[in-house]
2 protein chains.
Amino acid sequence: MNQNYDENAKIIKAISDPSRLKIIDILSCGERCACDILQHFDFTQPTLSHHMKVLMDSGIVDSKKDGQWSYYFLNSSKCNKLILFLMNLITETDECICKDKSKCECK
Amino acid sequence: MNQNYDENAKIIKAISDPSRLKIIDILSCGERCACDILQHFDFTQPTLSHHMKVLMDSGIVDSKKDGQWSYYFLNSSKCNKLILFLMNLITETDECICKDKSKCECK
DNA sequence: ACTATATATAGATGTATATCTATATGCGAG
DNA sequence: CTCGCATATAGATATACATCTATATATAGT
């Protein structure tokens, strides 16, 4: 385990909100502009802008500008790395963080 | 996509903290008592107790009491379900939430 | 029964976050 | 250049959370 908990925690925190999970679900179908994403929610446009900023700051979503529209899309490399991180996290490996199991005081 | 964003967001939120990621890493090597987990951290025992409560409330960690010790272990079923949820989330499927792509106002 | 140890709970505090309204910025059409 | 639309930013507010100290509870050993 590479133990880069901080960076992965940041990505995981970014997707730890039901609305942002739904946004990712939407983006999994391909890139979308903000106005299109907003149609799926009840909150206001600035709130969506906030959520998109959180997702972009974590790196799991990228964007491109085309005229007055901003298009958002998943960063598939980051997505795949996150899945791999989680799969490694829950799988016991040789480089286990607590290989000093014998040190445990309670037996 | 089954769209149970709320329950999964709760689990994801539970693991969205660097310390709790490290706890999960530790538990991936097998069950551990609280005192053993605590040795890997700088914070106090009540803080660990708080983190374990968050992980237990989300269902991703279970515990059993043995004498004065509490042993914690990963709920592998929940772990696997979470990985599957995330893999489905980032993968475009037929039941895509926004199959009404044509409705998008910006083309 | 007394004491030491393991863990949980209560309450306080500072920080982060989700949301809103109001406003700014940037762009295309006329 | 001006207007309307898409998006971002600023600032406010209420809630959630990570952490601490102090204390309670439970268990084991003497």
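Only a predicted model underlies this, so the values are computations on that prediction, with no experimental measurement involved. Chain A is the first sequence line, chain B the second, and so forth, proteins listed ahead of strands; every chain is numbered from 1.
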Original post:
To the nearest Å, how far apart are L38(A) CG and dC5(D) P?
Top reply: 15 Å
Dump every N/O contact between nucleotides 25-30 of chain C and the protein below 3.5 Å, one line per pair.
none

**OP:** Give the rounded distance in Å between these two atoms: NZ of K22(A) and C1' of dA18(C).
**Re:** 16 Å
Subject >> Residue K13(A), side-chain atoms from C-beta onward, closest of dT19(D), dT7(C), dT17(C) >> reply: dT17(C)
Original post:
When the distance from NZ of K64(B) to C1' of dT7(C) is rounded to whole Å, what number comes out?
Top reply: 17 Å
**OP:** Before accepting this row, confirm whether a basic side-chain N of the pair D57(B)/K53(B) lies closer than 4.0 Å to the acidic partner's carboxylate O.
**Re:** yes
Original post:
Between residues 42-51 of chain A and DNA chain D, which residues have a heavy-atom gap below 4.0 Å?
Top reply: Q45(A), P46(A), S49(A)
Subject >> Between dC17(D) (P) and I15(B) (CD1): distance, integer Å >> reply: 15 Å
**OP:** For dA6(D), take OP1 and OP2 only and decide whether either is under 4.0 Å from a side-chain N or O of Y72(A).
**Re:** no
Original post:
Are the side chain of R20(A) and the backbone of A14(A) linked by a donor-acceptor contact shorter than 3.5 Å?
Top reply: yes
Original post:
In a check of salt bridge (charged side-chain N to carboxylate O under 4.0 Å, His left out) between E7(A) and each of K81(A), K78(A), K13(A), which one passes?
Top reply: K78(A)
Original post:
Among all residues two or more places apart in sequence or in another chain, which pass the side-chain contact (heavy atoms from CB on, under 4.5 Å) test with T91(A)?
Top reply: none
Subject >> Any donor-acceptor pair under 3.5 Å from S28(A) side chain to D25(A) backbone >> reply: yes
Original post:
Please give, in whole Å, the distance from dA6(D) C1' to Y71(A) OH?
Top reply: 11 Å
**OP:** Answer yes or no: is there a side-chain heavy-atom contact under 4.5 Å between L55(A) and L27(A)?
**Re:** no
Subject >> Close side-chain approach of L74(A) to V61(A), heavy-atom, < 4.5 Å >> reply: yes
Subject >> Test item: F85(B) and L21(A) side chains (from C-beta on) under 4.5 Å apart, heavy atoms >> reply: yes
**OP:** Provide, to the nearest angstrom, the distance between the CG atom belonging to D17(B) and the P atom belonging to dT17(C).
**Re:** 11 Å
**OP:** Could you tell me the separation between the CH2 atom of W69(B) and the C1' atom of dG29(D), rounded to a whole number of Å?
**Re:** 11 Å
**OP:** Would you mind reading off the distance between M52(A) atom CE and dA6(D) atom P, rounded to a whole angstrom?
**Re:** 16 Å
Original post:
Would H51(B) and F43(B) count as a close aromatic pair, with their ring centres under 6.0 Å?
Top reply: yes
